[in-house]
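Comments concern the structure below.
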Amino acid sequence: MKILSITLTARGAELARRLPWEHEHGALASTIRSRWADVDGFVVFAATGVAVRVVGPLLGDKDHDPAVVCVDEGGRWVVALCGGHSGGANDLANHVAALLGAEAVVTTATDSTGLPALDTIHGCHAVGDIAGVTTALLDGSPVWIDNRANWPLPAPLEARLGSVGADGPDIDAPGIVVTDESVAPHTSLVVIHPPSLIVGVGASTGAPAADLRQLVDGALGDAGLSALSVASIATLDRKRAEPAIVALADAWQVPIVDAPAEVLASVAVPTPSDVVRNAVGTPSVAEAAALTVGGPGAELLVPKRASATATVAVARRPVPRGHLSIVGIGPGGPQHRTPAATAAIRHADFVIGYGPYLDLAADAIAASAMVTRSPIGEETTRTKQALTEAAGGHRVALVCSGDAGVFALATLALELATEHPSLDPIGQIEIVPGVTAALAAASVLGAPLAHDHAAISLSDLLTPWPIIERRLRAAAESDLVVSLYNPRSAGRPWQLAAALAILGAHRPGLTPVGLVTNAGRADERAVVTTIGALDPEDVGMSTCVIVGASSTRVVGGRMVTPRGYER
Ligand code: SAH
């Protein structure tokens, strides 16, 4: 997303500098006019009236207009002015509000009621009377649904819909059809096309793009299938850069997924060919690729069709391929969260995590997402639930603090994933990194990790204490700076003193130690002390303790470990 902040006052400019985007000061109206077609969103630090006057004449249609949000002079409110859904103004308003510590004002009806907008259901394309059916949903009028594709829909939407009785739908009442087939438009009807079709293609070298296009359009049209349901184009690995195939993927805005000849050769297909086998090493490209990418249970809807230069076949996959992101949100709020982490949460329809971490990521959670606040200590249950939902076809974000793989759930998820053979651990499970506590704490203290360092968790709930002790001794003997995670809790009161005694045996009692509690959060607290003088009362469950090496010093009140540049 290319976002531009525009300010008129010094206070506005100060607020805009807390946002990560391009910023222009002054000339508000002319800047908005000249950049209208060039950016995805504007953050306008001015009254809504000013913005409305400037933006009004520029508005075209909601699928192409940029998002516009307004921030008041006091930095208290962030109003999503227009481009709420398609333009992303609601998301932008939530994000800006979180970064500024302001309140987002979102007025699109579906978001304020927790109903997902019909045109934003993940991976689906909605066409038809979206405004009319949405109004009926909001008014509480009956809306029928005919989910012919059996596609999982967001739970809040499912809960609002009445299913179709034995006599079929009342086509004059507002309704929704979920299908990958083409359906004639009708008043008060929305058709949701799920991403269920895989179009397998083969093409000879230099095949004309128009020839392939005509072949696939004919195959879909004759079978009554909608191109809006095409999830991906499948082909042989050697063909993925073939210009006709690339042109088709560009036209439909879908990915090309490829497989090697050995894999395609192992798929049973109705129309194998020796000629093809001799040419490319597999008796089928289009059919085999469509079925392979469609995954287990895929059904061939259109067997191979060929033109002089290309082949096509269409498969339907049974359920969406689920996806699990194990997301590290960093130490605190959105200013230290990566854009990739925000995106992974925003596009999840299931968000699971320890409650306080979900609060820190609240601005990124879609209004329509199912949210499970899981208690502390229930890491295994939480991870299993995340995997089950992903295997069931949902997009899941499992939210961790700091980094997803540092004393967090990524390992457990990858280990337990073996219990779900239908989940591909490489294609469907993603680890999204975050700023780990030690890095966040170090930056608050100064630069204590500038030389070699180690991170050690003092939690002996999962690791036996003698092993922790051995690692502490090794770190002590090698004079590493040590970040201590999980240093102290009500149930583990003595481990910190024991660890400091081990480290203190190899470095002077005046060695600096930094304690940072709630780094990056509103109630952040930092103390710089020494190994000898540390008061355990300054350390809690959300403290990261950084013990300096023998060379670590306090310079101008900040903790530094020299790297050697100064010599
Ligand atoms: N995955 C997390 C670590 C989880 S273990 C990460 O990469 O940061 C939990 C421990 O991390 C806490 O006991 C504390 O020592 C540390 N921690 C997590 N968040 C912190 C924060 N905001 N400030 C200071 N320490 C934090």
Side-chain angles (χ1 to χ4, degrees), residues 98 325-338 340-341 344-345 352-361 374-380 382-383 386 397-414 431-446 448-449 453-463 468 471-472 481-497 499-500 503 513-529 534 536-547 559:
S325 300
I326 304 119
V327 185
I329 59 167
Q335 70 279 22
H336 293 141
R337 197 197 300 143
T338 70
I345 297 170
I352 305 180
Y354 172 50
Y357 300 161
L358 297 182
D359 293 338
L360 289 167
S374 151
I376 198 160
E378 303 231 325
E379 286 76 17
T380 308
R382 192 185 308 160
T383 307
L398 174 59
V399 173
C400 306
S401 80
D403 180 78
V406 176
F407 308 122
L409 298 179
T411 359
L412 186 61
L414 292 174
I431 320 290
V432 183
V435 175
T436 189
L439 300 185
S443 69
V444 172
L445 295 167
L449 302 183
H453 57 273
I456 298 179
S457 166
L458 295 190
S459 172
D460 53 358
L461 301 176
L462 301 172
T463 309
I468 299 176
R471 292 178 185 165
L472 285 165
V481 176
V482 179
S483 322
L484 299 174
Y485 284 66
N486 299 304
R488 187 163 177 266
S489 69
R492 293 182 296 100
W494 55 265
Q495 286 82 347
L496 176 61
L500 291 173
L503 294 170
V513 176
L515 316 175
V516 183
T517 303
N518 291 321
R521 301 180 191 158
D523 43 359
E524 173 181 292
R525 203 166 63 89
V527 173
V528 178
T529 174
L534 187 147
E537 290 304 316
D538 282 334
V539 178
M541 289 254 284
S542 49
T543 306
C544 188
V545 177
I546 300 188
V547 182
M559 192 171 161

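Whatever order the structure lists them in is the order used to number ligands and atoms, beginning at 1.
Considering only residues two or more places apart in sequence or on other chains, Asp460 meets the salt bridge (Lys or Arg N to Asp or Glu O under 4.0 Å) condition with none of them. Checked against side chain to side chain contact (heavy atoms under 4.5 Å, CB included), Val539 has the following partners two or more places apart in sequence or in another chain: Pro487, Arg488, Leu496, Leu515, Leu534, Thr543, Val545. Taking the side chain to side chain donor-acceptor pair (under 3.5 Å) definition, one finds that Asn518 meets it with Arg521, Asp523, Ser542, sequence neighbours left out.
The contact shell of ligand 1, taken as protein residues with any non-hydrogen atom closer than 4.0 angstrom, comprises Pro331, Ser401, Gly402, Asp403, Val406, Phe407, Ala408, Thr436, Ala437, Tyr485, Asn486, Pro487, Val516, Asn518, Ala519, Arg521, Met541, Ser542, Thr543, Cys544.
Panel note: side chain Thr338, backbone Ala341; a donor-acceptor pair is recorded below 3.5 Å. Checked by atom type and distance alone, the side chain of Ser457 pairs as donor or acceptor with a backbone atom of Ser459 at under 3.5 Å. Side-chain N or O atoms of Arg471 include none that pairs as donor or acceptor with a backbone N or O of Ala455 at under 3.5 Å.
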